[in-house]
Amino acid sequence: MKNFNWKKFITATLVLLPILLVVDVLYDKIFKSLDLSETFALKNIFFKVAAALVGAYFFASYSNDKEEN
């Protein structure tokens with residue numbers, strides 16, 4: 001956990017989650033019928049939160065050599 005940045009992790013999670021929700025709504029609107037009860041169902045929200053956390057983890061743990069110097 002030497003290269004892990006909590007501030008980046010929280011910020012990236014808070015940015016990625018709404019982006020994933022918007023992308024899902026747009027995808028449903030374009031390719032399927034938009035059903036908000038299905039979009040905001042617990043199963044879908046769980047996977048969106050999980051994807052946001054995984055993406056935020058990789059963003060927060062990635063470090064450039066320039067940042068370390």
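Predicted model, so just to flag it, every value in this text is computed and none were measured. Residue numbers run from 1 in the order of the sequence given.
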With a cut-off of 3.5 Å and sequence neighbours excluded, list every side-chain donor-acceptor pair involving residues 39-49.
unit_1, atom_1, unit_2, atom_2, d
Thr39, OG1, Asp28, OD2, 3.3
Thr39, OG1, Asp35, O, 3.1
Asn44, ND2, Glu38, O, 2.4
Lys48, NZ, Asp24, OD2, 2.9

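- Of all the heavy atoms in Ala52 and Leu17, the pair that sits closest is CB-N, 4.0 Å.
- Each ring pair (Phe, Tyr, Trp, His ring centres under 6.0 Å) pair with one or both residues in residues 9-39, not counting sequence neighbours, appears once here: Phe4-Phe9, Trp6-Phe9, Tyr27-Phe31.
- For the side-chain contact (heavy atoms from CB on, under 4.5 Å) with Val25, the lone residue among Ile30, Leu34, Leu20 that qualifies is Leu34.
- In this structure, Lys7 has no salt bridge (charged side-chain N to carboxylate O under 4.0 Å, His left out) partners at least two apart in sequence or on a different chain.
- Note on Leu16: it does not cluster hydrophobically with Leu53, by side-chain heavy-atom contacts below 4.5 Å among ILVMFWY residues.
- Ile19 belongs to a hydrophobic cluster with Val15, Val23, counting contacts under 4.5 Å between side-chain heavy atoms of Ile, Leu, Val, Met, Phe, Trp and Tyr, direct or through other members.
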